[in-house]
Amino acid sequence: MTGHDIPEDYLSGYALLLAEASATGRRLTRDEIESRRALGERAANAGHGLRALVSAHLSAARAAWPTTPGSADSTLAAIQQVIDAFAEGYERAQFLAVRKEEAARREFIDDLLYGRSDLGRLAERAERFGLRLSHAHAVAVAQGTTAYDEGAVVPRQVEQALIARFGDRNILLTTKDGRMLCVAPGDQDDVLTYFAKRAYAATDGGRIAIGRPQPGPGGVVQSYEEALNTLELAERLELDDPVLRAADLLVYPVLTRDRQAMADLVLDALGPLTTARGGAQVLLDTLTAYFECGCVAAEAARRLSLSVRALTYRLERIHKLTGANPADPAHRYMLQTAVIGARLLNWPAQSL
């Protein structure tokens, strides 16, 4: 063994090369350079550090120097060639290893988020990436104004912030379909909250959805799908909150679980609005603003840039067309549910 416990195999023929180069002034041949690259690859694959390997080469050169007559310049040039070729092979092996690791990680993430792999095998692979799928996990999904991939600046910034704050807490940060994802144990909501905060700042006003903690190997994909559905709901309902939790919006999936029943309610309760001059959309927006501000006419009028008198006229028009009075508690729940359903089903822009 050489210094730093580096096997002498990685220095095979090194002293002879230096002796010949010093005596003749020749440079290394193409085959000799390739053999040094191959030794560098072997050393990298064996897990030896490059610093220790370079040190071993320099130590061997010093040891051989007194017995190597000839030009010092030629000897130094040979040392440089050997170390350069060796380091190139080392870096090539590391690059291939990183690419292989990235491919394995991406394959694992795809299987994890789509549930395409055997759950038992998936749990085994997950431990390699710091996840214990026997526990509950929750997923946060951040969507910005542009798409992000693994190598983008924004995901790296968010990942560095998470590592600096929490260290190794069995957290997986990745990207999927242009969005950033954070997978964390279900009992570590502080991780997802901090991810949401950093992602919102890094995406310059993006939107983040957090799924509920779900148990078992299939829990990650369930929480991920909840987060995606929450982002879709937020877009349809034009919700302003930058961070949304699936647990706070469970009523909406319930309302749309029976799509046909909801479509029937929308058409029955709000269908008559289509006969109004200008169509149903203006009156539907009026109801939306009225319900969102707690049925306070003055506030609804301000949001719609109307006078209170104009808003009152619209509400009376809605009452006349539908037979339901938005100001009457007996009618309000039915109308509000229909308004939510209309937004979820994209009515009247899309026919039901």
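We're numbering straight along the sequence, starting at 1. Remember, predicted model here, so these are calculated numbers, not experimental data. Side-chain atoms are counted along with the backbone in the values below, which use heavy atoms only and exclude waters and symmetry mates.
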Requested in this report: Run the numbers on Glu292 and Arg303 for side-chain contact (heavy atoms from CB on, under 4.5 Å), then give the verdict.
Outcome: CA-CA 10 Å; Glu292 284 182 349; Arg303 292 189 184 187; 3.6 Å; yes

Query - Nearest non-hydrogen partners of Ala199 and Ala142, listed with the distance - result: CB-CB, 3.7 Å

Requested in this report: Drop me the distance from Leu233's CG to Leu244's CG, to the nearest 0.5 angstrom.
Outcome: 9.0 Å

Query raised in the report: Step by step, would you call Glu299 with Arg302 a salt bridge (Lys or Arg N to Asp or Glu O under 4.0 Å)?
Result: CA-CA 5 Å; Glu299 175 61 20; Arg302 186 190 67 79; 2.6 Å; yes

Report task. Identify the two heavy atoms, one from Cys182 and one from Leu173, that lie closest to each other, and give their separation to 0.1 Å. Result -> CB-CD1, 3.9 Å

Requested in this report: Is it possible for you to say whether Leu28 and Leu58 belong to one hydrophobic cluster, with membership spreading through side-chain heavy-atom contacts below 4.5 Å?
Outcome: yes

Query - Sub-6.0 Å ring centroid separation between Tyr90 and His48 - result: no

Query raised in the report: Are side-chain heavy atoms of Val243 and Lys197 found at a separation under 4.5 Å?
Result: no

Query raised in the report: Would a distance-only check, ignoring hydrogens and angles, find a side-chain to backbone donor-acceptor pair under 3.5 Å from Ser22 to Ala19?
Result: no

Query raised in the report: Going only through I, L, V, M, F, W and Y residues with side-chain contacts under 4.5 Å, is there a path from Leu249 to Val251?
Result: yes

Query raised in the report: To the nearest 0.5 Å, what is the distance between CG (Leu345) and CG (Leu267)?
Result: 9.0 Å

Query raised in the report: Below 4.0 angstrom, N of the basic side chain to O of the carboxylate: do Glu32 and Arg26 qualify?
Result: yes

Query - Trace of the side chain to side chain donor-acceptor pair (under 3.5 Å) decision for Arg207 with Gln143 - result: CA-CA 5 Å; Arg207 178 175 283 158; Gln143 181 172 281; over 6 Å; no

Query raised in the report: Does the side chain of Leu283 come within less than 4.5 Å of Leu321's, by heavy atoms?
Result: yes

**Report entry** Considering all heavy atoms, the nearest Asp9-Arg42 contact
**Finding:** CB-NH2, 4.1 Å

Query - Inter- and intrachain pairs under ring-ring contact (aromatic ring centres under 6.0 Å, His included), touching residues 227-246, at least two apart - result: none

Report task. Would you kindly say whether Glu225 and Asn229 are connected by a side-chain donor-acceptor distance under 3.5 Å? Result -> no

Query raised in the report: Does the pair Thr145 and Thr203 meet the rule for a side-chain contact (heavy atoms from CB on, under 4.5 Å), with working shown?
Result: CA-CA 7 Å; Thr145 54; Thr203 57; over 6 Å; no

Query raised in the report: If you measure only the distance, is there a donor-acceptor pair under 3.5 Å linking the side chains of Glu41 and Asn45?
Result: no

Report summary line: Closest non-hydrogen contact found for His137 with Val183 is CD2-CG1, 4.1 Å

Query raised in the report: Measuring from Leu273:CG to Leu287:CG, what's the distance to the nearest 0.5 Å?
Result: 6.5 Å

Requested in this report: Take Leu11 and His57 through the test side-chain contact (heavy atoms from CB on, under 4.5 Å) and record every step on the way to the result.
Outcome: CA-CA 7 Å; Leu11 301 172; His57 277 78; 3.4 Å; yes

Requested in this report: Look at the side-chain heavy atoms of Ile, Leu, Val, Met, Phe, Trp and Tyr, link any pair under 4.5 Å apart, and say whether Val296 and Leu304 land in one connected group.
Outcome: no

Query raised in the report: Are side-chain heavy atoms of Arg317 and Leu315 found at a separation under 4.5 Å?
Result: no

Query raised in the report: For Tyr290, what residues pass the ring pair (Phe, Tyr, Trp, His ring centres under 6.0 Å) criterion, not counting sequence neighbours?
Result: none

Query raised in the report: Is the closest side-chain heavy-atom distance between Asn346 and Arg236 below 4.5 Å?
Result: no

Query raised in the report: Out of curiosity, Arg332 CZ to Thr337 OG1, how far, rounded to the nearest 0.5 Å?
Result: 12.0 Å

Query raised in the report: Side chains of Met180 and Val154: does their closest heavy-atom pair fall under 4.5 Å?
Result: yes

Requested in this report: Quick one: closest heavy-atom pair of Gly211 and Ala138, and the distance?
Outcome: O-CB, 3.7 Å

Requested in this report: Assess the side chains of Arg245 and Thr193: does a donor N or O sit below 3.5 Å from an acceptor N or O?
Outcome: yes

Report task. Return yes when atom CD of Glu34 has more than 12 non-hydrogen atoms of other residues, nucleotides or ligands closer than 6.0 Å, and no otherwise. Result -> yes

Query - Phe86 and Val54, any side-chain heavy atoms less than 4.5 Å apart - result: no

Requested in this report: Spell out, as yes or no, whether a donor-acceptor pair under 3.5 Å connects the side chain of Thr288 to the backbone of Leu284.
Outcome: yes

Query raised in the report: Given side chains that start at C-beta, do those of Arg314 and Leu306 come closer than 4.5 Å, heavy atoms only?
Result: yes

**Report entry** Joint cluster assignment, Val282 & Val339, ILVMFWY side-chain distance < 4.5 Å
**Finding:** no

Query raised in the report: Where the side chain of Ser305 meets the backbone of Ala301, is there a donor-acceptor pair that is under 3.5 Å apart?
Result: no

Query raised in the report: More than 12 heavy atoms of other residues, nucleotides or ligands under 6.0 Å from CZ of Arg27: is that the case?
Result: no

Query - Shortest non-hydrogen contact from Leu192 toward Ala184 - result: CD2-CB, 3.9 Å

Query - Pairs flagged by ring-ring contact (aromatic ring centres under 6.0 Å, His included) wherever residues 183-234 is involved - sequence neighbours left out - result: Phe166-Tyr194

Report summary line: CG (Asp248) and OG1 (Thr230) are apart, to the nearest 0.5 Å, by 9.0 Å

Report task. Output, in order, the C-alpha distance, side-chain angles, deciding distance and verdict of side-chain contact (heavy atoms from CB on, under 4.5 Å) for Ile210 and Val139. Result -> CA-CA 6 Å; Ile210 302 176; Val139 181; over 6 Å; no

Query raised in the report: Does CZ belonging to Arg37 count more than 12 external heavy atoms closer than 6.0 Å?
Result: yes

Query - Whether Thr275 side chain and Pro272 backbone form a donor-acceptor pair below 3.5 Å - result: yes

Query raised in the report: Around atom CG of Asp328, are there more than 12 heavy atoms of other residues, nucleotides or ligands at under 6.0 Å?
Result: yes

Query raised in the report: Side-chain heavy atoms under 4.5 angstrom apart, residues restricted to Ile, Leu, Val, Met, Phe, Trp, Tyr: same cluster for Leu344 and Leu250?
Result: no

Query - Rounded distance [0.5 Å steps], NE2 in His331 versus OG1 in Thr322 - result: 8.5 Å

Query raised in the report: Ile208 versus Val141: any side-chain heavy-atom pair under 4.5 Å?
Result: no

Query raised in the report: Where the side chain of Gln214 meets the backbone of Ser223, is there a donor-acceptor pair that is under 3.5 Å apart?
Result: no

